Colleague: 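Please see the structure below; I have some questions.
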Amino acid sequence: MAVIGAGVSGLHTARELKTQGHDVTIFEKTNRLGGTWAYDPRVEPDPLGLDPGREIVHSSLYQSLRVNLPKRLMGFLDYPFTERKDPREFPGHEEVLLYLEDFAKDFGLVELVRLEHEVVRVERVDEVSHEWVVESRTRRSESEEEAEAEAEEEVFEAVVVCNGHHTEPRIAEFPGMDAWPGVQIHSHNYRTPEPFQNLIVVVIGNGPSAIDILTEISSVAKEVHQALRDSDIHFKKLESHDNIWQHSMIECTKEDDKVVFQDGSFVYADVIMHCTGYKYHFPFLRTNGIVSVDDNRVGPLYKHVFPPQLAPWLSFVGQSYRGVTILIIELQSRWVARVLSGKVALPSAEEMASSVEELYQHMEESGWPKRHTHQLQNKFDYEDWLITQILDLPPLEEWREQMYFSALKKITSIDDDDFQDT
């Protein structure tokens, strides 16, 4: 079995496959395990991440990042998140990486990981076979010629895609964007606040990272202006911060540094920070159109995991978001491993495809944007459903759901940005 990626999804999937008796190979393109939790101080040469030929930095962590869920929710069900070096209830990203490294060591996963092996092609051996060719190449090569010489092809019975979705920036577009003379950067390339000293910064977004970053930048910047998609937002200064203002979304930008907002307000800014999320990106995957990405919808995927026509031999773990991410990843990987072991049966391809279409139809009728297909609805219905498929797990304890929703209220409030220290 091939697992692509050695982050949270890849490591737990590999553990589950190994537990079920499968031979597992983990492909990791960077020089260490941990995925997005392996902090990298480097940033990309293209700060917006639009150049497809740029050197890609995988991790999007900023130096000060701390988890936004209590550490009791950050561990796997059978491998609790216990203190290593950081005693805080909301530890820094370094503590998560130590946890993952210990997990890999304790379950014999380190020797399964091929570091600096970038997967460049995943394709079925032929149209009737369920076997997959995985082509990889090492990243030590100095030239394209050497890279080709070091390419290697192997055949696997199944492939689980665990490459994450916090690397390829998604950008907000608005009139005048290309001609605006200031600096534009995606949060993927944010590391520390010092470069924004005494500057006027516009931050687009209202997710946890946007709130983290704009709050941190406000400690050194002259002014910080937050642009929000919410149509109910109008220009106002935040009472809880001396130099943060909220606006509606950007209407346009001008060549004289002016940023005009939809509520009619404007500011002359130095920087626009796009905290606007990421795109799903599988440049290595070749399925003849069976699996595609359309407006950030990866599909069709049955329950965000199995493409009906290619199941169970191709699967995806870690694509859904919103909720207790580590728990969802754990349940998905357990499900995949049991399906591949023949212990749990999937519905027919037709039934799975019908289920996916029902989801799409429900989204359309509800006005839910396609780009949010894999965003869970802040309920534990999905987690509970996965547990019914795994069979050998008891129902989740009620405290997990209660603790998550208590934390969620604070995560999404800019007026409670110090909740991790209270």
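Quick note: numbers below take in every heavy atom, side chains included, and nothing from hydrogens, waters or symmetry partners. None of these values were measured; they are calculated from a predicted model.
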Colleague: Got a donor-acceptor contact below 3.5 angstrom from the Asn163 side chain to the His281 backbone?
Modeller: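 Checked: pair present.
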
Colleague: Hey, are the side chains of Thr287 and Leu314 touching, using non-hydrogen atoms and a 4.5 Å cut-off?
Modeller: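 Yes. Closest side-chain heavy atoms under 4.5 Å.
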
Colleague: How about Trp180 and Phe174: are their ring centroids closer than 6.0 Å?
Modeller: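 Between Trp180 and Phe174, the centre distance exceeds or equals 6.0 Å.
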
Colleague: Can you list, pair by pair, the side-chain donor-acceptor contacts under 3.5 Å of residues 14-24, counting residues two or more places apart and other chains?
Modeller:
unit_1, atom_1, unit_2, atom_2, d
Arg15, NH1, Asp78, OD2, 3.3
Arg15, NH2, His12, NE2, 3.3
Arg15, NH2, Asp78, OD1, 3.3
Arg15, NH2, Asp78, OD2, 3.0
Glu16, OE1, Arg338, NH1, 3.1
Lys18, NZ, Phe107, O, 3.0
Lys18, NZ, Gly108, O, 3.2
Thr19, OG1, Arg15, O, 2.8
Gln20, OE1, Lys343, NZ, 2.8
His22, NE2, Ser341, OG, 2.9

Colleague: Taking only residues two or more places apart in sequence or in another chain, which ones pass side chain to side chain contact (heavy atoms under 4.5 Å, CB included) with Pro369?
Modeller: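 Side chain to side chain contact (heavy atoms under 4.5 Å, CB included) check on Pro369 returns Arg371, His372.
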
Colleague: Using every non-hydrogen atom in the two residues, find where Pro87 and Lys85 come nearest and quote the distance to one decimal.
Modeller: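 Looking at all heavy atoms of both residues, the closest pair is CD-O, 3.5 Å.
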
Colleague: Please tell me whether His186 and His274 form a close aromatic pair, meaning their ring centres lie under 6.0 Å apart.
Modeller: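 Between His274 and His186, which both carry aromatic rings, the centre distance is not below 6.0 Å.
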
Colleague: Looking at Glu118 and Lys29, does any basic side-chain N land under 4.0 Å from a carboxylate oxygen?
Modeller: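 Looking at Lys29 together with Glu118, the answer is no, because their closest N to O distance does not fall below 4.0 Å.
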
Colleague: Is a donor on one side and an acceptor on the other found under 3.5 Å between the side chain of Thr253 and the backbone of Gly176?
Modeller: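 Yes, because the side chain of Thr253 sits within donor-acceptor range (under 3.5 Å) of the backbone of Gly176.
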
Colleague: Under 6.0 Å between ring centres: does that hold for Tyr39 and Tyr62?
Modeller: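 Aromatic pair excluded; centres sit 6.0 Å or further apart.
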
Colleague: Among all residues two or more places apart in sequence or in another chain, which pass the ring pair (Phe, Tyr, Trp, His ring centres under 6.0 Å) test with Trp313?
Modeller: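 If we apply the ring pair (Phe, Tyr, Trp, His ring centres under 6.0 Å) test to Trp313, skipping adjacent residues, the hits are His130.
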
Colleague: Inspect the surroundings of CD in Glu194 and state if more than 12 heavy atoms from other residues, nucleotides or ligands are less than 6.0 Å away.
Modeller: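 Yes, the 6.0 Å shell around CD holds more than 12 heavy atoms from other groups.
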
Colleague: For Glu365, enumerate each residue passing the salt bridge (charged side-chain N to carboxylate O under 4.0 Å, His left out) test, keeping only those at least two apart in sequence or located in another chain.
Modeller: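 Scan of Glu365 (salt bridge (charged side-chain N to carboxylate O under 4.0 Å, His left out), adjacent residues dropped) gives none.
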
Colleague: Can you name the ring pair (Phe, Tyr, Trp, His ring centres under 6.0 Å) partners of Phe196, sequence neighbours left out?
Modeller: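 Ring pair (Phe, Tyr, Trp, His ring centres under 6.0 Å) check on Phe196 returns Tyr190.
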
Colleague: According to the salt bridge (Lys or Arg N to Asp or Glu O under 4.0 Å) rule, which pairs have a member within residues 159-172, sequence neighbours left out?
Modeller: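 Applying salt bridge (Lys or Arg N to Asp or Glu O under 4.0 Å) to every pair that reaches into residues 159-172, excluding sequence neighbours, yields Arg54-Glu168, Arg170-Asp295.
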
Colleague: For Thr167 and His58, run side chain to side chain donor-acceptor pair (under 3.5 Å): C-alpha distance rounded to whole Å, both residues' side-chain angles, the deciding distance at 0.1 Å, then the answer.
Modeller: CA-CA 5 Å; Thr167 296; His58 180 75; 3.1 Å; yes

Colleague: Locate the shortest heavy-atom distance separating Phe81 from Lys71; write the atom from each residue and the value.
Modeller: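 Smallest heavy-atom distance, with atoms named: CB-O, 3.3 Å.
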
Colleague: Carefully, step by step, assess Glu28 and His117 under the rule side chain to side chain donor-acceptor pair (under 3.5 Å).
Modeller: CA-CA 5 Å; Glu28 171 54 49; His117 277 68; over 6 Å; no

Colleague: Between the side chain of Glu135 and the main-chain N/O of Val133, is any donor-acceptor distance below 3.5 Å?
Modeller: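 No.
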
Colleague: Looking only at side chains, do Glu216 and Ser64 share a donor and an acceptor under 3.5 Å apart?
Modeller: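 Yes, side-chain donor-acceptor contact under 3.5 Å.
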
Colleague: For Ala2 versus Phe27, what's the shortest heavy-atom pair and its separation?
Modeller: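 Smallest heavy-atom distance, with atoms named: CB-CE1, 4.0 Å.
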
Colleague: Does any part of the side chain of Ile185, heavy atoms only, come nearer than 4.5 Å to the side chain of Leu48, both counted from C-beta?
Modeller: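 No. Closest side-chain heavy atoms not under 4.5 Å.
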
Colleague: Holding to side chain to side chain contact (heavy atoms under 4.5 Å, CB included), I want the full list of residues that pass it with Pro300, two or more places apart in sequence or in another chain.
Modeller: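 Side chain to side chain contact (heavy atoms under 4.5 Å, CB included) list for Pro300, sorted by chain: Pro308, Val356, Tyr360.
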
Colleague: Is it true that a side-chain atom of Ser129 and a backbone atom of Val125 form a donor plus acceptor pair closer than 3.5 Å?
Modeller: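 Looks like no, no N/O pair under 3.5 Å.
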
Colleague: Does the plane of the ring in Tyr99 sit parallel, tilted or perpendicular to the ring in Phe76? Use 30° and 60° as the thresholds.
Modeller: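 Plane angle between 30° and 60°, so tilted.
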
Colleague: So for atom CD, which belongs to Gln309, do other residues, nucleotides or ligands contribute more than 12 heavy atoms lying within a distance under 6.0 Å?
Modeller: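 Counting neighbours around CD of Gln309, 12 or fewer heavy atoms of other residues, nucleotides or ligands fall under 6.0 Å, so no.
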
Colleague: Just by distance, with hydrogens left out, do His225 and Glu223 show a side-chain donor and acceptor under 3.5 Å apart?
Modeller: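 Yes, side-chain donor-acceptor contact under 3.5 Å.
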
Colleague: Side chains of Tyr79 and Asp102 only: does a donor on one sit below 3.5 Å from an acceptor on the other?
Modeller: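 No.
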
Colleague: Tell me every residue that passes ring pair (Phe, Tyr, Trp, His ring centres under 6.0 Å) with His166, counting only those two or more places apart in sequence or in another chain.
Modeller: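 His166 satisfies ring pair (Phe, Tyr, Trp, His ring centres under 6.0 Å) with Tyr278 once adjacent residues are dropped.
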
Colleague: With the threshold set at 4.0 Å, does a side-chain nitrogen-carboxylate oxygen contact exist between Lys379 and Glu401?
Modeller: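 Salt bridge: no.
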
Colleague: Is any side-chain heavy atom of Ile387 less than 4.5 Å from a side-chain heavy atom of Pro395?
Modeller: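 The answer is no, as the side chains (C-beta and beyond) never meet within the 4.5 Å cut-off.
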
Colleague: Is there any salt bridge (Lys or Arg N to Asp or Glu O under 4.0 Å) pair reaching into residues 349-359, and which pairs are they, with sequence neighbours excluded?
Modeller: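 Qualifying pairs, neighbours excluded: none.
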
Colleague: Does a salt bridge link Arg42 with Glu55, judged by any charged N lying under 4.0 Å from a carboxylate O?
Modeller: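 So Arg42 pairs with Glu55 through a salt bridge.
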
Colleague: I'd like to know if the side chain of Tyr382 pairs up with that of Gln332 as donor and acceptor (distance under 3.5 Å, no hydrogens or angles considered).
Modeller: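 Result is yes, a qualifying pair exists.
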
Colleague: Assess whether atom CD of Glu153 is packed by more than 12 heavy atoms of other residues, nucleotides or ligands within 6.0 Å.
Modeller: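 Yes, CD of Glu153 has more than 12 neighbouring heavy atoms, counting only those of other groups under 6.0 Å.
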
Colleague: Using every non-hydrogen atom in the two residues, find where His188 and Pro169 come nearest and quote the distance to one decimal.
Modeller: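 For His188 and Pro169, the tightest heavy-atom pair comes out as CB-CG, 4.1 Å.
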
Colleague: Taking the ring of Phe282 and the ring of Phe316, is the distance between their centroids below 6.0 Å?
Modeller: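 Yes - the distance between ring centres of Phe316 and Phe282 falls below the 6.0 Å cut-off.
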
Colleague: Taking the side chain from Asp270 and the backbone from Gly182, do they hold a donor-acceptor pair closer than 3.5 Å?
Modeller: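 Checking the backbone N and O of Gly182 against the side chain of Asp270, no donor-acceptor pair under 3.5 Å is found.
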
Colleague: Taking only residues two or more places apart in sequence or in another chain, which ones pass side chain to side chain contact (heavy atoms under 4.5 Å, CB included) with His374?
Modeller: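 Applying side chain to side chain contact (heavy atoms under 4.5 Å, CB included) to His374 gives Tyr280, Val298, Leu301, His304, Tyr321.
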
Colleague: Taking all atoms of both residues into account, what is the closest heavy-atom pair of Thr36 and Ser60, and its distance?
Modeller: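 What the structure gives for the nearest pair is OG1-N, 3.9 Å.
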
Colleague: Please collect all salt bridge (Lys or Arg N to Asp or Glu O under 4.0 Å) contacts where either partner lies in residues 274-294, sequence neighbours excluded, each pair once.
Modeller: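 Listed once each, the pairs are Asp294-Lys370.
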
Colleague: So for atom CD, which belongs to Gln63, do other residues, nucleotides or ligands contribute more than 12 heavy atoms lying within a distance under 6.0 Å?
Modeller: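 Atom CD in Gln63 is not packed in, count stays at 12 or less.
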
Colleague: Please confirm whether the backbone N or O of Leu61 pairs with a side-chain atom of His93, one donor and one acceptor, at under 3.5 Å?
Modeller: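 Not confirmed, His93 side chain does not pair with Leu61 backbone.
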
Colleague: For the pair Thr13 (side chain) and Gly10 (backbone), establish whether a donor and an acceptor sit closer than 3.5 Å, ignoring hydrogens and angles.
Modeller: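 The answer is no, because no donor-acceptor pair under 3.5 Å joins these two groups.
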
Colleague: Taking only Lys NZ, Arg NE, NH1 and NH2, and the carboxylate oxygens of Asp or Glu, determine whether Glu330 and Arg334 approach each other closer than 4.0 Å.
Modeller: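 The answer is yes: the pair qualifies as a salt bridge.
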
Colleague: Side chains of residues 201-210: which donor-acceptor pairs under 3.5 Å do they make with residues two or more places apart or in other chains?
Modeller:
unit_1, atom_1, unit_2, atom_2, d
Asn206, OD1, Gln226, NE2, 3.0

Colleague: Is any side-chain N of the basic residue among Glu154 and Arg114 closer than 4.0 Å to the acidic one's carboxylate O?
Modeller: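 A salt bridge links Glu154 with Arg114.
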
Colleague: Could you go step by step and tell me if Arg297 and Met363 meet the side-chain contact (heavy atoms from CB on, under 4.5 Å) rule?
Modeller: CA-CA 12 Å; Arg297 169 185 283 173; Met363 290 182 63; 3.8 Å; yes

Colleague: Any sub-3.5 Å donor-acceptor pair from Arg72's side-chain atoms to Leu69's backbone N or O?
Modeller: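 Answer holds: no.
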
Colleague: Can any side-chain N or O of Asp46 pair as donor or acceptor with the backbone N or O of Asp51 at less than 3.5 Å?
Modeller: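 Yes.
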
Colleague: Using a 3.5 Å distance criterion without hydrogens, assess whether the side chain of Gln420 forms a donor-acceptor pair with backbone atoms of Val67.
Modeller: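 Yes, the answer is positive, given that a donor and an acceptor are paired below the 3.5 Å cut-off.
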
Colleague: Any chance CD of Glu398 has more than 12 other-residue heavy atoms, nucleotides or ligands included, within less than 6.0 Å?
Modeller: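 For Glu398, atom CD is not crowded (no more than 12 foreign heavy atoms under 6.0 Å).
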
